Undergrad: 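Have a look at this one.
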Amino acid sequence: MERKSYLELNKMSDEDLMENLQNGVYEAFDLIVHRFKDRLHNFIFRYTHNSQDSEDLVQETFLRVYRSRHSYQRIAKLSTWIFTIASNLAKTDYKKKQRMQTFSIHADDADSESREFELTDDSLLPDEELHLDNSIKKLEEALMQLNEDFREALVLRDIQQLSYEEISDITGVAMGTVKSRINRARAQIQELIGEYVFSETF
Amino acid sequence: MKNSRPLHHPFPDRNCSVRKPPQSGGYAYHEANGHPESDAHSQVSGWLEHLPVIKTSSGFDKKMAALFALEIERELQVKNRSLLQKKKGIRLPDLISDLRAEFQ
């Protein structure tokens with residue numbers, strides 16, 4: 001294959017980059033990493049809620065992308081394929097950690113006030129900023145309380161902005177099921193956060 | 001869920017950016033269109049869309065490049081071993097790292 005410059009590669013679609021990687025153009029891998037690293041990290045972080053674990057999983061995802069590069073076929077969008085790999089890795093890791101877990105969001109289910117995430121520090125932030133911070137925190141907590149399938153569908157749709165079809169491909173369930181999970185997940189989030197989140201800020 | 005207690009910033013040590021919500025109108029419109037359940041869902045969707053993007057750290061690229069270099073090296077060693085398995089009589093100096101070139 002004719003050697004392409006970084007600039008030429010940079011103009012290519014994700015799928016063309018992958019084709020170049022399949023043909024031995026290592027520079028294409030750098031660009032794929034550059035394009036997907038933050039999206040993947042933002043996605044995986046919703047499982048781990050730990051930055052270092054998320055980065056490790058993103059790195060593992062990219063290594064698997066490279067190792068499995070010849071199994072990728074252009075019938076699927078590259079993003080769908082990569083998110084499928086990331087999702088599988090994140091779920092496996094999440095389940096492993098669940099088995100080992102001695103920590104939970106609720107220190108005691110009977111006492112909803114004793115949440116480990118609810119730490120006090122109200123010293124310096126202006127009211128509006130504080131409210132936004134609280135809202136984000138509430139939303140993140142509510143996301144963590146959803147069951148795994150609901151959270152995955154919701155994160156892929158509302159945070160990653162993927163289409164229903166892509167989510168269906170990534171999760172391996174029918175599109176109707178995807179839509180149902182997303183609707184139910186949104187309803188649960190609404191119920192969990194009530195009127196508080198963003199009501200004044202926005 | 002009631003809330004009266006202040007919280008830490010959710011991502012105090014992360015390289016994250018907040019996607020700003022629309023300045024006005026978006027959610028009010030949903031509230032006014034007469035479909036309470038879909039309004040609520042639209043609101044949730046809007047909130048989630050504007051959650052901060054949690055990005056990788058500044059050292060990520062270097063770590064990834066190092067891992068990728070190791071991966072290529074590992075892949076090359078596997079190919080070399082495979083080639084030597086097929087051509088058992090061959091003895092080559094250690095200096096040659098990529099045997100494929102020698103047999104092309």
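Lettering of chains follows the sequences in order, A, B, ..., and the numbering in each one begins at 1. The model shown is predicted, which means the values in this text are computed figures rather than measured ones.
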Undergrad: Kindly compute the distance separating OG1 (B:Thr56) from NE2 (A:His34), expressed to the nearest 0.5 Å.
TA: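 So the OG1 of B:Thr56 and the NE2 of A:His34 are separated by 10.0 Å.
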
Undergrad: Name the region of A:Phe29, side chain, backbone, both or neither, that has any atom closer than 4.5 Å to a heavy atom of chain B.
TA: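 A:Phe29 touches chain B through side-chain heavy atoms alone.
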
Undergrad: Could you tell me whether A:Arg184 atom CZ has more than 12 heavy atoms of other residues or ligands within 6.0 Å of it?
TA: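 Atom CZ in A:Arg184 is not packed in, count stays at 12 or less.
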
Undergrad: Once you round to the nearest 0.5 Å, how far does CZ of A:Arg64 lie from CD of B:Glu71?
TA: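 The CZ atom of A:Arg64 sits 11.0 Å away from the CD atom of B:Glu71.
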
Undergrad: Can you tell me if A:Lys91 has over 12 outside heavy atoms packed within less than 6.0 Å of its NZ?
TA: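 Yes, NZ of A:Lys91 has more than 12 neighbouring heavy atoms, counting only those of other groups under 6.0 Å.
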
Undergrad: Tell me if the CD atom of A:Glu165 is crowded by more than 12 foreign heavy atoms within 6.0 Å.
TA: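 No, not enclosed.
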
Undergrad: For a 4.5 angstrom cut-off between non-hydrogen side-chain atoms, does A:Val58 reach B:Met64?
TA: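 A:Val58 does not reach B:Met64 side chain to side chain.
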
Undergrad: Which value, rounded to the nearest 0.5 Å, describes the distance between B:Trp47 atom CH2 and A:Ile193 atom CD1?
TA: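 One gets 4.0 Å once the value is rounded to the nearest 0.5 Å.
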
Undergrad: Give, for atom NE2 of A:His41 and atom NZ of B:Lys55, the distance between the pair rounded to the nearest 0.5 Å.
TA: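 Answer for the NE2-NZ pair, A:His41 versus B:Lys55, is 12.0 Å.
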
Undergrad: Work out which heavy atom in B:Leu48 is nearest to a heavy atom in A:Ile159; give both atom names and the distance.
TA: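 Smallest interatomic distance, heavy atoms only, reads O-CG1, 3.7 Å.
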
Undergrad: Under a 3.5 Å distance rule, please check whether A:Asp158 uses its side chain to pair with a backbone N or O of B:Gly46 as donor and acceptor.
TA: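 No; judged by distance alone, with no hydrogens or angles, the pair does not exist.
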
Undergrad: Can you name the nearest heavy-atom pair linking B:Ile54 to A:Asn42, along with the distance?
TA: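 Scanning both residues, the minimum pair turns out to be N-OD1, 3.0 Å.
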
Undergrad: With only heavy atoms counted, which part of A:Leu143 is less than 4.5 Å from chain B, the side chain, the backbone, both or neither?
TA: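 Side chain of A:Leu143 only, per the 4.5 Å heavy-atom cut-off to chain B.
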
Undergrad: Is the shortest side-chain heavy-atom distance between B:Phe68 and A:Tyr26 below 4.5 Å?
TA: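 The answer is yes, as the side chains (C-beta and beyond) meet within the 4.5 Å cut-off.
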
Undergrad: CZ of B:Phe60 to OG of A:Ser51: how many Å apart, nearest 0.5 Å?
TA: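 That separation rounds to 12.5 Å.
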
Undergrad: Which atom names give the shortest non-hydrogen contact between A:Arg186 and B:Ser45, and what distance separates them?
TA: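 Result for this residue pair: NH2-OG, 3.7 Å.
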
Undergrad: Let me confirm one number: the CG-NZ distance from A:Asp56 to B:Lys63, rounded to the nearest 0.5 Å.
TA: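 One gets 6.5 Å once the value is rounded to the nearest 0.5 Å.
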
Undergrad: Between B:Glu75 and A:Arg69, does any side-chain N to carboxylate O distance fall below 4.0 Å?
TA: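 Salt bridge between B:Glu75 and A:Arg69, a charged N being under 4.0 Å from a carboxylate O: yes.
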
